[in-house]
Amino acid sequence: MDKTYQPAAIETSWYKTWEDNNYFAPSGEGEAYSMVIPPPNVTGSLHMGHAFQHTIMDTLVRYQRMQGKNTLWQVGTDHAGIATQMIVERKLANESGQTRHDLGREAFTDKIWEWKEESGGNITRQMRRLGNSVDWQNERFTMDPEFQQSVEQAFISLYDDGLIYRGKRLVNWDPKLHTAISDLEVESKEVKGKLWYLRYPLVDGATTAAGDDYIVVATTRPETMFGDTAIVVNPEDPRFQSIVGKEVLLPLVGRRIPIIADEHADMEKGTGCVKITPAHDFNDYEVGKRCQLPMINVLTFNAEIREQGQGFNSDGTVNTEINCHIPSQYHNMERFAARRAIVAEFESMGLLVKVEENNMTIPYGDRGGVVIEPMLTDQWFADAKTLAKPTIEAVENGDINFVPKQYENMFFSWMRDIQDWCISRQLWWGHRIPAFYDIQGKVYVAPTAEEARIKYNLSADLELTQDNDVLDTWFSSGLWSFATMGWPKQSDRLETFHPTDTLVTGFDIIFFWVARMMMMSMHLCKDKDNKPQIPFKTIYMTGLVRDESGEKMSKTKGNVLDPLDMIDGISLEDLLEKRTGNMMQPQMAAKIRKRTEKEYADGIPAHGTDALRFTLAALASTGRDINWDMKRLEGYRNFCNKIWNAARYVEMNAQGEDCGQNGGDIELSLADRWIVSKLQQIEIDVTRNIEEYRLDLAAQTLYDFIWNEYCGWYLELSKPVLWNEEASDAQKRGTRQTLVRVLEVIMRLTHPIMPFLTEEIWQSIKQLAGVSGDSIMLQSYPKADHSKIDTAAEADIEWLKGVITGVRNIRGEMGISPAKELSILINNGSASDQQRLQDNRNFLMKLASLEQITWLNPGDEAPMSATQLVGKMEVLVPMAGLIDKDAELARLSKEIEKLNKEVGRIEGKLNNQKFVANAPEAVVAKERDKIAQFKAAQLKFIEQHEKIAAL
RNA sequence: AGGACUAUAGCUCAGUUGGUUAGAGCGCUACCUUGACAUGGUAGAGGUCGGCAGUUCGAAUCUGCCUAGUCCUACCA
């Protein structure tokens, strides 16, 4: 073994071994345990959030595999419709200046497939580096032909069940990407806007209660006024009762529109009069439906003013009656330019009453980044309300659990108020909607035109054309848990592994994906008894991985960290190139460069996968965001090195020696019995922690045990035995065996979090430990043996530690070199102290670096000494020639002062009659015990202080 | 506006049903190349647990209010 831990030397080869041997595939034996990966974008790359979730998932699945379960971690990627199409469009523009329309649909999607072939391996390569034990042989992609069939089947079933419908609706339209998007893909942003007060003249001599021959409407979007089809006032509003039923003349276009009464108008708000533009505002759309107002669309798909508005009735049918005239100077004007022009014209006509500053939230497309336009279009919708109902019940009755629990609230509040889901997208990359139209526009839903003719009894020569649109990517992702297992085909795989056990994902996609997967699964998948099947039993929600200052990682901020760079390391130059190259906003580059140079002056050193995984696990307290801390990663890399070197020590002392593999007498030292006892407790704790999804506690428990107990104490305690020429073979055999076997168990305990290091070490010591097997992955997870818990040994070791630490404390405080061997005396010891001393003299001499230990009987004269207490027993280090009088006085004063504080605190408690009367007996007794101990110690130190001061 | 979460050492985080001398890593101070490890060892320093009230014999922990931050939902004429 190398002197230092070299992760690069072991990681890739072990992964290859595991994969080549097919260890990741379900074993086919034992109780099933399954998980599906949240499918990443096929052409994307893994970020820290993935590394985090994958670490959690892999830890869980490795743990369950070692528990003997038949484990499946289903892997795959999704096609990320909008994102991928955008990337390829941009790439095409850069390379040839062409648009997708230049190529045509088929040639363009071929380009996307090419891009997928080119870059699609990224993600899977990264997952291999992270050590993920996924079932590669059954990797799935949402655009695979089989998956395609699942999607078609799902769509058709939902349609046939009346849960999908098509209609002309107001939807969120992205004018840049030219597609509808769902309400979840809209991000609201706070902006400072304006509120324009516009005067609309009344006609036919009508006047308000105030006698005005006009009304004033306030609007944030003047450019939509070409599409106004009514003014509403509140039916109770005394100011406007006289004009209800009358009309105004819409300025600029000269169309007469009615004034109607509707509770939508709030008397307290604005002017009390609201202009209604049903084709361009969601609220107005509702009013329009309620009051049967016509709708006029005045914008193109580019969000420019149309040359002629499009008229519709409130039911979506075409309205040819209404005057849709738009003045020619506005034709094809961009929406915000049109806004300015319209305001200017109102002003010039004296119809602009005032302008107010107005804070408001504006919807932006999360992909394209432009302001979303409510647009009247034909779209497909899923009846989310109906689909949501059983999922709510599943969470209510505990079939599905959220970890942590509070995410239930979020889930309920969204699901109980869910809107129908717009599932069609005007894109080319995705699952083409399996719907066909005849010349009249009548729709037939089937996988192919041929099947549609059969299904709907149509004549063979009826011409049918397929819908141009594709389905929302999340529609297919919603089928993920079961379509990856072959649904709708029934198979062993589906039957064995669905529902899955645990879903690990971020709360940011709880509605996009988690909720929709629940809806789809419960509607489409049924048990044998026809009970809706949930997709997973537990949903473990992770927080976000943020940068060191708590900011979200993003390309524009230039604070993104690539998990692989932490594994392999990266130079500053390469990191700068990564962060500033190929930017959407090059103006940010200088700032990012400066920041990166400051934070990573020497780049990032290599830490290895195990250290990265351990760090992520250690930070994984449930549901909480993580602020990434490079120092912590460094600390855990050191931990790996510590384990590595502990293993080296074990190997050096055990290799070629008799470790009891083949029998022989065994005599266990106190230390041996102690570490084995401790190990049992650790096994219990770590197992519980993992079962409770507290990987942070599991990591902490392992860290503490391995570093502080096993390395810090046990390895040191093994030396006096192994290096003692007088020790018997049985004693040496006992310690060697303990050394090796405990290490072997530790490796198995730690393996789910740190797979590589543990495999490497396990392989090199397995024979010494008397175990066999091809891989640690396939070994069983350690299980505590309660009969090995030895409380007497634990107490003895505590005593031993107390004495050793006492001596070390005097050494440290007094500046005595560790090389100087000390002679100490033990005073005021009990019979059990004497027994312990006798039994452990060897350990003490070695670990406290002593020359001699003298036991003082009552009445024996003690030299002037620095004193430490272990219980009532005094550990004395003679001062003569070693210890400065003033230094010892200062040390004693410090101890006395410390105890003083404690004594005062407890006295206060015990003097409180109510405490003594009300607190449980045990608690009071404990306090009494403590104070007696502290007081005795204090007294001892005071005496000592007086004695020394008197010298 | 409603809701959720967070606030503990200089930094990143633990703290299970109220009773601990409030913990860990990193950083800091002093000493130490002792035959696994300087990616190390030993000994230390450092916290009135965001603030104010309350419940209780007892609060980092439970309740209320306040402050700051993060997020979600809604509204915006």
Side-chain angles (χ1 to χ4, degrees), chain A residues 1 3-5 188 193 195-197 216-221 232 264-266 269-275 281 283 358-362 404 406-407 409-410 413-414 417 507-508 510-511 543-544 546 548 550 552 605 607 611 615 618-619 621 623-653 692 694 696-697 700 703-704 708 711-712 715-716 719 723 805 808-819 849 898-899 901-902 905-906 909 912-920 922-924 926-927 930 934:
Chain A
M1 289 174 87
K3 190 172 171 185
T4 52
Y5 165 62
S188 296
L195 192 58
W196 288 272
Y197 286 76
V216 176
V217 293
T219 180
T220 57
R221 302 205 58 197
V232 303
H264 172 67
D266 184 339
K269 250 193 216 165
T271 60
C273 301
V274 190
K275 75 186 203 54
D281 180 281
N283 285 318
N358 187 38
N359 291 328
M360 49 191 190
T361 44
I362 298 283
Q406 70 258 20
Y407 283 105
N409 298 331
M410 212 195 226
S413 68
W414 192 69
D417 186 35
F507 68 88
D508 48 335
I510 180 169
F511 307 130
L544 249 49
R546 299 166 173 275
E548 48 285 305
K552 265 188 196 164
H607 296 88
T615 308
L619 292 170
S621 44
R624 196 179 152 140
D625 284 1
I626 289 178
N627 289 2
W628 184 251
D629 180 8
M630 205 54 92
K631 292 290 186 187
R632 203 129 175 201
L633 175 62
E634 231 175 281
Y636 291 126
R637 186 207 44 195
N638 295 351
F639 178 51
C640 293
N641 187 59
K642 189 74 183 177
I643 295 174
W644 182 262
N645 276 290
R648 277 182 69 219
Y649 168 82
V650 172
E651 210 179 27
M652 280 174 180
N653 285 283
E692 290 173 354
R694 289 303 303 269
D696 58 328
L697 297 181
Q700 182 59 45
Y703 185 97
D704 183 60
N708 298 325
C711 294
L715 294 193
E716 294 307 317
K719 290 173 186 174
W723 298 351
T805 316
R808 284 175 178 172
N809 173 270
I810 291 171
R811 231 185 242 284
E813 297 271 303
M814 296 301 128
I816 301 171
S817 155
S849 186
K898 223 156 104 184
L899 288 165
K901 268 209 251 151
E902 286 310 310
R905 210 174 54 84
I906 301 173
K909 261 190 189 178
N912 182 347
Q913 279 313 305
K914 287 180 177 170
F915 170 71
V916 180
N918 290 316
V923 172
V924 178
K926 202 172 151 196
E927 294 296 319
K930 268 197 288 190
F934 289 152

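Because only heavy atoms are used, hydrogens play no part in the values below, and waters and symmetry mates are left out as well, while side chains stay in. Sequence lines set the chain letters: A, B, ... in the order given, protein chains first and strands last, and positions in each chain run from 1.
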**Student:** Looking at every strand, decide which applies to Ala265(A) at a 4.0 Å heavy-atom threshold: base, sugar-phosphate, or nothing.
**Tutor:**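 Base, at least one base heavy atom under 4.0 Å.
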**Student:** Remember a base hit wins even if backbone is also touched, and classify His607(A) as base, sugar-phosphate or nothing at under 4.0 Å, heavy atoms.
**Tutor:**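 Here His607(A) touches no strand at all.
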**Student:** Base, sugar-phosphate alone, or nothing: which one does Met652(A) contact when heavy atoms must sit under 4.0 Å apart?
**Tutor:**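 Touches sugar-phosphate only.
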**Student:** Under 4.0 Å, heavy atoms only, any strand: does Lys909(A) hit a base, just the sugar-phosphate, or nothing?
**Tutor:**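 Sugar-phosphate: the residue Lys909(A), judged by heavy atoms under 4.0 Å, touches backbone atoms but no base.
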**Student:** Which nucleotide sits closest to the side chain of Gln406(A): C5(B), C57(B), A36(B)?
**Tutor:**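 Among the listed nucleotides, the one closest to the side chain of Gln406(A) is C5(B).
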**Student:** Touch check for Trp644(A), heavy atoms < 4.0 angstrom, all strands: base, sugar-phosphate only, or nothing?
**Tutor:**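 Contact class for Trp644(A): none.
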**Student:** Taking the minimum atom-to-atom distance to the side chain of Leu195(A), which one of A77(B), C71(B), U20(B) wins?
**Tutor:**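 Closest nucleotide among those given: A77(B).
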**Student:** Base, sugar-phosphate, or nothing: which does Ser849(A) touch, judged by heavy atoms less than 4.0 Å apart?
**Tutor:**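 It contacts nothing in the nucleic acid.
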**Student:** Closer than 4.0 angstrom, basic N to acidic O: yes or no for Arg648(A) and Glu651(A)?
**Tutor:**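 Salt bridge absent between Arg648(A) and Glu651(A).
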**Student:** May I ask you to say what Ala919(A) touches in the nucleic acid, namely base, sugar-phosphate or nothing, with a heavy-atom cut-off under 4.0 Å?
**Tutor:**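 Base, at least one base heavy atom under 4.0 Å.
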**Student:** Using atom P of each nucleotide, how far apart are A45(B) and U33(B) to the nearest Å?
**Tutor:**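 Those two atoms are separated by 24 Å.
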**Student:** Has Asn641(A) got a side-chain N or O lying under 4.0 Å from the OP1 or OP2 atom of U39(B)?
**Tutor:**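 Answer no for this pair, as no side-chain N or O of Asn641(A) is under 4.0 Å from OP1 or OP2.
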**Student:** Hey, is the side chain of Asn645(A) poking within less than 4.0 Å of OP1 or OP2 on G40(B), counting only N and O atoms?
**Tutor:**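 For G40(B), neither OP1 nor OP2 has a side-chain N or O of Asn645(A) closer than 4.0 Å.
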**Student:** Please determine whether a side-chain nitrogen or oxygen atom of Arg648(A) lies at a distance below 4.0 Å from atom OP1 or OP2 of G35(B).
**Tutor:**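 Looking at the OP1 and OP2 atoms of G35(B), neither is under 4.0 Å from any side-chain N or O of Arg648(A).
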**Student:** Do Lys719(A) and Tyr649(A) meet the cation-pi criteria used here (NZ or CZ under 6.0 Å from the six-membered ring centre, within 45° of the axis)?
**Tutor:**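 So Lys719(A) does make the cation-pi contact.
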**Student:** Under 4.0 angstrom, heavy atoms only, what part of the nucleic acid is Leu697(A) near: base, sugar-phosphate, or nothing?
**Tutor:**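 It contacts sugar-phosphate atoms only.
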**Student:** Does Lys642(A) contact C37(B) through a side-chain donor or acceptor facing the base, at a distance under 3.5 Å?
**Tutor:**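 Per atom types, the contact qualifies.
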**Student:** So what's G25(B) paired with, Watson-Crick or G-U wobble, going by both distances under 3.5 Å?
**Tutor:**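 WC or wobble partner is C11(B).
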**Student:** Using OP1 and OP2 only, check whether a side-chain N or O of Arg624(A) sits under 4.0 Å from A7(B).
**Tutor:**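 Checking Arg624(A) against A7(B): at least one side-chain N or O falls below 4.0 Å of OP1 or OP2.
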**Student:** Could you check whether Arg546(A) gets within reach of a base, just the sugar-phosphate, or nothing at all, counting any heavy atom under 4.0 Å?
**Tutor:**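 Sugar-phosphate only.
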**Student:** With the side chain of Lys926(A) defined as its heavy atoms from C-beta on, choose the nearest nucleotide among G25(B), G19(B), C75(B).
**Tutor:**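 So the side chain of Lys926(A) is nearest to G19(B).
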**Student:** Using only heavy-atom distances, decide whether a donor-acceptor pair under 3.5 angstrom links the side-chain of Glu716(A) to the base of A36(B).
**Tutor:**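 Pair found.
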**Student:** Can you tell me if Lys719(A) touches the phosphate of A36(B), counting only side-chain N or O atoms and a distance under 4.0 Å to OP1 or OP2?
**Tutor:**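 For A36(B), OP1/OP2 do have a side-chain N/O of Lys719(A) under 4.0 Å.
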**Student:** Take atom P in U61(B) and the same atom in C5(B), then report the distance between them in whole Å.
**Tutor:**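 Going atom to atom, P in each nucleotide, I get 16 Å.
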**Student:** Which part of the nucleic acid, if any, lies within reach of Thr220(A) when heavy atoms closer than 4.0 Å are counted: base, sugar-phosphate only, or nothing?
**Tutor:**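 Sugar-phosphate, backbone atoms only, no base.
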**Student:** From C-beta outward on Arg632(A), which listed nucleotide comes closest to its side chain: A36(B), G44(B), C13(B)?
**Tutor:**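 Minimum distance to the Arg632(A) side chain belongs to C13(B).
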**Student:** Closest to the Arg694(A) side chain: C13(B), G15(B), U39(B)?
**Tutor:**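 Nearest listed nucleotide: G15(B).
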**Student:** Checking all strands, does Tyr703(A) fall into the base, sugar-phosphate, or nothing category for heavy-atom contacts under 4.0 angstrom?
**Tutor:**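 Counting heavy atoms under 4.0 Å across all strands, the contact made by Tyr703(A) is with sugar-phosphate only.
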**Student:** Can you tell me which nucleotide in C57(B), C72(B), U21(B) comes closest to the side chain of Lys914(A)?
**Tutor:**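 Side chain of Lys914(A) sits closest to C57(B).
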**Student:** With a 4.0 Å cut-off on heavy atoms, is Asp417(A) in touch with a base, just the backbone sugar-phosphate, or nothing at all?
**Tutor:**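 Result for Asp417(A) = nothing.
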**Student:** Quick one: label Arg808(A) by what it contacts on the DNA or RNA (base, sugar-phosphate, nothing), any heavy atom closer than 4.0 Å.
**Tutor:**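 Contact class for Arg808(A): sugar-phosphate only.
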**Student:** Taking it one step at a time, do Trp196(A) and Asn358(A) satisfy side-chain contact (heavy atoms from CB on, under 4.5 Å)?
**Tutor:** CA-CA 9 Å; Trp196(A) 288 272; Asn358(A) 187 38; over 6 Å; no
**Student:** Side chain of Asp625(A), heavy atoms from C-beta onward: which of A36(B), C37(B), U70(B) has the nearest atom to it?
**Tutor:**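 Output: U70(B).
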**Student:** Using a heavy-atom cut-off of 4.0 Å across all strands, would you classify Ala819(A) as base, sugar-phosphate, or nothing?
**Tutor:**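 Nothing: the residue Ala819(A), judged by heavy atoms under 4.0 Å, touches no strand.
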**Student:** Does U21(B) have OP1 or OP2 sitting under 4.0 Å from an N or O in the side chain of Lys930(A)?
**Tutor:**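 Checking U21(B) against Lys930(A), a side-chain N or O does come within under 4.0 Å of OP1 or OP2.
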**Student:** Return the nearest nucleotide to the side chain of Asn638(A); candidates are G40(B), C13(B), C37(B).
**Tutor:**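 From the listed options, G40(B) comes nearest.
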**Student:** Any chance you could lay out the side-chain contact (heavy atoms from CB on, under 4.5 Å) test for Phe915(A) and Val924(A), step after step, and finish with the verdict?
**Tutor:** CA-CA 8 Å; Phe915(A) 170 71; Val924(A) 178; 4.2 Å; yes
**Student:** For G41(B) and A24(B), measure between their P atoms and round to the nearest Å.
**Tutor:**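 One P to the other, the span is 14 Å.
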**Student:** If you check every side-chain atom of Thr4(A), which of U39(B), A24(B), C75(B) has the closest atom?
**Tutor:**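 Looking only at heavy atoms from C-beta outward on Thr4(A), the closest nucleotide is U39(B).
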